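What follows is one structure encoded as structure tokens, with my remarks underneath.
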There are 2 protein chains.
Amino acid sequence: MLIDNKGSSRQLVEKCITCPGMRHCLPHGLKGNEMERVSDMVKHRRPFQRGEQITMMGDEFTSLMVVHSGFVKSYKVSRDGEQQIVGFYMSGDVLGVEGISTGNYGYTAEALETTSVCTLSFRNYEYCSSHFPVMQKWLLNTMSRQIIDEQKMLLMLGKMSAEQRIANFLLDMSRRMSASGTSIQTIRLPMSRIDIANYLGLVVETVSRLLTRLQANDILIVKRRVISIMDLNRLQAIADNSIEDCHPLHHAA
Amino acid sequence: MLIDNKGSSRQLVEKCITCPGMRHCLPHGLKGNEMERVSDMVKHRRPFQRGEQITMMGDEFTSLMVVHSGFVKSYKVSRDGEQQIVGFYMSGDVLGVEGISTGNYGYTAEALETTSVCTLSFRNYEYCSSHFPVMQKWLLNTMSRQIIDEQKMLLMLGKMSAEQRIANFLLDMSRRMSASGTSIQTIRLPMSRIDIANYLGLVVETVSRLLTRLQANDILIVKRRVISIMDLNRLQAIADNSIEDCHPLHHAA
DNA sequence: TGTTGGCTGTGACTTAGGTGAATGGAAACC
DNA sequence: GGTTTCCATTCACCTAAGTCACAGCCAACA
């Protein structure tokens with residue numbers, strides 16, 4: 001039998017089927033009894049605390065993981081020790097798919113705040129997918145979306161100015177952090193400036209400088225990790241590099 | 001019936017099953033009759049000439065495409081018209097998977113030389129995958145590998161110097177262009193300097209200068225698009241940023 | 001066989017963003 | 001509640017890589 005949820009040995013176990021956030025993790029379109037079958041295969045572990053590692057680059061790939069709540073960063077380490085953050089993950093995002101082809105996790109994933117993760121072993125996934133076509137479609141969609149997002153990042157890192165990168169980053173975060181697809185005005189960034197800089201291929205000083213500048217131009221209000229977007233249109237214009245630019249900081253503001 | 005190979009209306013149709021390069025395109029592990037079924041669903045179109053577009057960004061996603069022979073570049077265009085090359089594809093590489101989630105191709109793919117492509121409609125893929133598990137595994141592997149490759153590029157664009165990017169690029173090309181997995185000494189690059197620069201997030205002058213410098217340091221011999229790697233170890237060391245560096249060009253060589 | 005046009009290479013100069021150093025703040029930990 | 005530590009910001013300066021300009025080269029085509 002493939003079902004191996006020996007949950008009772010751990011705290012905080014609940015079935016997906018009774019979980020209020022179920023629609024974030026499980027694919028839509030499962031029939032009632034299918035849902036129950038899948039639900040039984042998903043493990044709910046004790047939440048990870050800030051700084052804890054969820055996967056380690058190079059470890060054996062065993063499971064797909066869906067972020068249920070919290071916030072995760074993932075980074076690769078190059079041969080000479082340079083780190084590059086390759087993604088931030090929040091509710092509903094899937095970790096680990098890069099391990100399918102190699103059998104090893106391709107990055108280290110680390111919780112940026114208390115994070116709970118739902119785990120489905122790949123063997124169980126394969127069992128599900130062969131019985132419930134919707135599961136198969138779900139994973140293909142997930143991976144296809146990851147490919148698109150990474151290609152968008154390639155465009156950012158390859159062609160965009162520091163200011164464009166920051167603007168796009170803030171817009172993306174604002175959009176993703178709202179439950180719906182519409183961006184929200186005030187966001188609390190769970191990651192440090194160092195992480196933002198690393199993700200965007202910049203240094204931390206540049207991120208600081210540009211946030212200050214965007215604030216001086218009345219586009220943002222920045223209070224450490226809490227950022228309010230005061231002029232969405234201009235921020236979007238900067239992100240798209242369309243016409244109007246943000247004035248550099250002349251020392252007389 | 002899902003099979004819709006109305007091949008005879010076009011030139012150059014052959015069945016995969018009789019194609020000498022079959023092992024590059026079709027997954028391994030299909031049984032004889034399965035292979036034949038899949039083979040019948042694959043369309044072989046007239047080859048694309050240099051400069052012809054294979055997919056257009058935004059067009060409706062219908063099919064997965066495997067490069068059979070030739071060479072393809074793919075690029076995204078941002079809202080402000082900037083282009084970014086996101087990949088180069090050669091024999092065995094799969095185009096179009098980013099369309100699965102959105103229903104539209106995510107980039108424009110263009111032949112860099114005469115290129116033939118084998119096409120499998122996604123509907124036929126779904127039919128195959130539900131009957132032959134090995135097909136499903138094949139697509140997951142393909143997509144997982146694309147995610148890994150793109151993440152490697154993120155590391156390149158985010159953290160590496162121009163010289164490291166060039167070195168890594170040449171090593172990657174040399175490895176991929178050899179039939180086996182071992183790198184070969186002399187490669188003929190099918191893409192222009194402009195394409196290389198764009199792919200690596202540099203300008204064309206920088207690419208020229210660095211190739212010249214690598215030649216002056218006896219690491220390469222560069223004859224326009226034909227490049228011979230004379231000192232693989234040092235090139236690898238530069239790619240990894242390990243210790244020894246390449247001397248800048250002092251005007252007295 | 002001349003001409004066209006896109007590649008490729010070089011040099012002089014500029015600049016966006018990186019470096020390094022120093023300061024102030026918040027939160028975490030006795 | 002004091003101290004430690006990490007995080008964020010700011011400034012002065014520097015450099016890797018971009019820009020601009022020009023020249024040679026090769027392939028395609030008439």
Side-chain angles (χ1 to χ4, degrees), chain A residues 49-51 73 82 84 112-114 156-167 169 188-216 220-227 238 241 245-253, chain B residues 49-51 73 82 110 112-114 156-167 169 188-216 220-227 238 241 245-253:
Chain A
Q49 297 305 309
R50 184 159 71 85
K73 73 173 174 185
E82 290 278 16
Q84 173 69 41
L112 284 171
E113 55 184 44
T114 305
M156 291 253 275
L157 297 180
K159 285 270 128 30
M160 292 192 183
S161 69
E163 194 172 47
Q164 281 183 282
R165 296 182 206 187
I166 302 262
F169 171 74
R188 198 194 124 70
L189 299 174
M191 71 292 280
S192 70
R193 296 282 191 272
I194 295 173
D195 287 339
I196 298 173
N198 182 301
Y199 180 58
L200 297 176
L202 303 170
V203 294
V204 58
E205 291 90 334
T206 304
V207 173
S208 261
R209 262 196 288 258
L210 290 178
L211 287 176
T212 305
R213 192 160 103 188
L214 289 165
Q215 179 162 37
L220 302 178
I221 292 179
V222 181
K223 279 215 195 77
R224 304 215 120 218
R225 296 191 179 188
V226 178
I227 295 188
I238 290 168
N241 194 28
D245 209 351
C246 179
H247 301 294
L249 278 185
H250 300 118
H251 292 239
Chain B
Q49 296 306 309
R50 185 158 71 84
K73 73 172 174 186
E82 290 278 16
E110 184 182 314
L112 285 170
E113 54 184 45
T114 305
M156 291 254 275
L157 297 180
K159 286 269 133 20
M160 292 191 183
S161 71
E163 195 172 46
Q164 279 184 282
R165 296 183 205 187
I166 303 262
F169 171 74
R188 200 196 124 70
L189 299 174
M191 73 291 281
S192 70
R193 296 283 191 270
I194 295 173
D195 287 338
I196 298 173
N198 183 301
Y199 180 58
L200 298 177
L202 303 169
V203 294
V204 59
E205 293 91 332
T206 304
V207 173
S208 262
R209 266 195 277 262
L210 289 178
L211 287 176
T212 305
R213 193 161 101 189
L214 288 166
Q215 179 162 37
L220 302 178
I221 293 178
V222 181
K223 279 217 193 77
R224 304 217 123 216
R225 297 193 178 187
V226 178
I227 294 188
I238 290 169
N241 195 27
D245 210 349
C246 179
H247 300 293
L249 278 185
H250 300 118
H251 292 237

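Here is how names work: the chains are called A, B, and so on, in the same order as the sequence lines, proteins then strands, and each is numbered from 1. In what follows, every heavy atom counts, from backbone to side chain, and hydrogens, waters and symmetry copies are set aside. All values reported here derive from a predicted model rather than from experimental measurement.
Computed from coordinates, the B/L211 CG to C/dC7 P distance equals 16 Å when rounded to whole Å. In this structure, B/L214 places its CG atom 12 Å from P of C/dG9, rounding to the nearest Å. Taking atom CG of residue A/L112 and atom C1' of nucleotide D/dC6, one finds them 15 Å apart after rounding to whole Å. Between the C1' atom of C/dG9 and the CD1 atom of B/I221 lies a distance of 18 Å, rounded to the nearest Å. For the pair B/N198 CG and C/dC7 P, the interatomic distance rounds to 13 Å; values are reported in whole Å. When the C1' atom of D/dA17 is taken as reference, atom CG of B/L200 falls 14 Å away, rounded to whole Å. Atom CD1 of B/I227 is separated from atom P of C/dC7 by 16 Å (rounded to the nearest Å). If you measure from atom CD1 of B/I196 to atom C1' of C/dG6, you get 16 Å, rounded to the nearest angstrom.
Separation of atoms NZ (A/K223) and CD (A/Q215) is listed at 8.5 Å; rounding is to 0.5 Å. To the nearest 0.5 Å, atom CG of residue B/L202 and atom CZ of residue B/R165 are 5.0 Å apart. Separation of atoms CD1 (A/I196) and CD1 (A/I166) is listed at 7.0 Å; rounding is to 0.5 Å. A distance of 4.0 Å separates CD of A/Q84 from NZ of B/K159, quoted to the nearest 0.5 Å. Rounding to the nearest 0.5 Å places CZ of B/R225 at 8.0 Å from CZ of B/R193.
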Exercise. With the sugar-phosphate defined as primed atoms, P, OP1 and OP2, and the base as all remaining atoms, what B/S/- string results for nucleotides 25-30 of chain C, 5' to 3', for protein heavy atoms under 4.0 Å?
Worked result: -S-S--

Problem set entry | Sugar-phosphate or base contact per nucleotide [nucleotides 13-19 of chain C; S, B, -; heavy atom under 4.0 Å] | ----SBB

Can you give me the N/O atom pairs linking the protein to nucleotides 3-5 of chain C at distances under 3.5 Å, or say none if there are none?
none

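Nearest heavy atom pair, residue A/A197 against residue A/V203, reads CB-C, 3.5 Å. Considering all non-hydrogen atoms of both residues, B/Q164 and B/N241 come closest at NE2-CB, 3.1 Å. The shortest non-hydrogen separation linking B/F169 to B/M156 is N-CE, 4.3 Å. Closest heavy-atom contact between A/L210 and A/A162: CD1-CB, 3.4 Å. Looking at every heavy atom in both residues, A/I194 comes nearest to A/V204 through N-CG2, 4.1 Å.
For B/R50, the CZ atom counts as loosely surrounded, since its 6.0 Å shell holds 12 or fewer non-hydrogen atoms of other residues, nucleotides or ligands.
Screening residues 197-206 of chain A for side chain to side chain donor-acceptor pair (under 3.5 Å), with sequence neighbours left out, gives no hits.
Contact of the A/L214 side chain with the A/E163 side chain is registered, since non-hydrogen atoms from C-beta on lie closer than 4.5 Å.
Put simply, B/R225 has a side-chain N or O that comes within less than 4.0 Å of OP1 or OP2 on C/dT8.
Qualifying side chain to side chain contact (heavy atoms under 4.5 Å, CB included) partners for B/R224, counting only residues two or more places apart in sequence or in other chains: none.
Two end axes, each from the C1' atoms of five base pairs, can be drawn for the helix from C/dT1-D/dA30 to C/dC30-D/dG1; they diverge by 50°, to 10 degrees.
Heavy atoms of A/S192 sit under 4.0 angstrom from primed sugar atoms or phosphate atoms, though from no base atom.
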